[in-house]
Amino acid sequence: MNEAALPVEIASPPLALVQGQPYQDLPDDLYIPPDALEVFLDAFEGPLDLLLYLIRRQNLDILDIPIAQITRQYIAYIEMMDHLRLELAAEYLVMAALLAEIKSRMLLPRQPESEEEEEDPRAFLIRKLQEYEAIKKVAEEIDLLPRNERDTFEFGVDTSTVDVQQILPDVQLKELLLAFQDILKRAERLSHHHITKEPLSVRERMAAILEKLNQSDNHLSFAACFARSEGKNGVVVAFLAVLELSKEGIIDIFQSEPYAGIQVRIRVDSGSGD
């Protein structure tokens, strides 16, 4: 018989590995007790939660609870938990005893000669259910609120090692003209007609602007270079003086950030030829 025709046995995976050793079969003396596995049921948070669920499911009036009907359903639930070998808290059994007590008190005949009206045996349970229902409703509303570490998470960034160099934007000619137009409008509102002619010199105004810059730590706003009291002619001469100073490389016209006010300063590196 040809040995190549024999079937090849494929090793099945081991049932378990114990300290690195594979086990293919269960030990003959292995015993698993029936109560080795316990299941914890967290469907209800307590006996009151179970009672409230039974009442809501049947749309019953919490002020007029049918004790017999609710007790039967409650006992059936406890028996089901016991049949499934679920761990049953003692408070569920206490509630079952309370329901049985209420039912028995309701079955007892009332004494007609009693002067004081007896309290409804269900009153204590109704108050407990109303309090629990209110607390549970508030707890559900609080749970819907954003919670840190669940809906939002804190995040921090270390910026101590980040070196940010601010690059000043270049002033465009159209922005300079718009600023000059705004100054002209304000100068026209404060202008006066003069009979005598006042001599205006661009060079003198250049010297006056440089003097203002020296008195203001070499930094001045664009509007401060103009004297509104001199009228429109004076504003035009001052504007020409600013342009001439910028053309000769004596001053810089800049903005600290986009759309910010235009500033004027003496150029520190005027001699470098930049």
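Side chains included, hydrogens not; waters and symmetry mates left out as well; all remaining heavy atoms used.
Linking Ile, Leu, Val, Met, Phe, Trp and Tyr residues whenever their side-chain heavy atoms come within less than 4.5 Å leaves I62 and I135 in two separate clusters. Transitive grouping of hydrophobic side chains (ILVMFWY, heavy atoms separated by less than 4.5 Å) keeps L178 and F239 in distinct clusters.
In this structure, CZ in R147 is found 9.5 Å from CD1 in I142, a value given to the nearest 0.5 Å. In this structure, NZ in K136 is found 10.5 Å from CG in L48, a value given to the nearest 0.5 Å. To the nearest 0.5 angstrom, L54 atom CG is 12.5 Å from R72 atom CZ. Atom CD of Q172 and atom CG of L177 lie 11.0 Å apart (nearest 0.5 Å). A distance of 12.0 Å separates NZ in K128 from CD in Q130, rounded to the nearest 0.5 Å. To the nearest 0.5 Å, atoms CD1 (I266) and CD1 (I209) are separated by 11.0 Å.
Between F124 and L98, the closest side-chain pair of non-hydrogen atoms falls below 4.5 Å. Between M206 and L240, the closest side-chain pair of non-hydrogen atoms is not below 4.5 Å. You'll find the side chain of Q215 reaches within 4.5 Å of the side chain of E211, heavy atoms only. Side-chain contact check for E244 versus R205: every heavy-atom pair is 4.5 Å or farther apart. Residues F180 and V242 have side chains not in contact (no heavy-atom distance under 4.5 Å, counting atoms from C-beta outward). Inter-residue side-chain proximity for C225 and L220 is flagged as met; some heavy-atom pair is nearer than 4.5 Å. A 4.5 Å side-chain heavy-atom check between R265 and I251 finds every atom pair outside the cut-off. In this structure the side chain of N148 reaches within 4.5 angstrom of the side chain of E154, judged on heavy atoms.
Among V237, L243, L245, V236, the single residue meeting the side-chain contact (heavy atoms from CB on, under 4.5 Å) criterion with V202 is V237. Remark: of the listed residues L60, I126, L51, I126 is the sole one forming a side-chain contact (heavy atoms from CB on, under 4.5 Å) with I65.
Minimum heavy-atom separation, E175 to I262: O-CD1, 3.7 Å. R267 approaches G249 most closely through the heavy-atom pair CD-O, 3.6 Å. When every heavy atom of F226 is checked against every heavy atom of V235, the shortest pair comes out as CE2-O, 3.4 Å. Taking both residues in full, the closest heavy atoms of I75 and A96 are given as CD1-CB, 3.8 Å, listed atom of the first, atom of the second, then distance. Across all non-hydrogen atoms, the minimal contact from A224 to K212 is O-NZ, 3.2 Å.
A donor-acceptor pair is defined here as one N or O able to donate and one able to accept, closer than 3.5 Å; such a pair exists between the side chain of Q255 and the backbone of A260. Under a 3.5 Å cut-off, the side chain of D61 and the backbone N or O of L63 do form a donor-acceptor pair.
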ask   = Under the salt bridge (Lys or Arg N to Asp or Glu O under 4.0 Å) criterion, do D143 and R150 qualify, and how do the steps go?
value = CA-CA 11 Å; D143 187 64; R150 186 193 69 177; 3.1 Å; yes
task = Step by step, work out the side-chain contact (heavy atoms from CB on, under 4.5 Å) result for I253 and Q263.
result = CA-CA 6 Å; I253 304 173; Q263 306 290 324; over 6 Å; no
Audit row: R203, E248, salt bridge (Lys or Arg N to Asp or Glu O under 4.0 Å) steps and yes/no = CA-CA 12 Å; R203 287 293 174 184; E248 295 180 3; 3.4 Å; yes
request  = Apply side-chain contact (heavy atoms from CB on, under 4.5 Å) to the pair Q181 and K185, showing each step before the final yes or no.
outcome  = CA-CA 6 Å; Q181 182 183 12; K185 290 180 181 180; 3.9 Å; yes
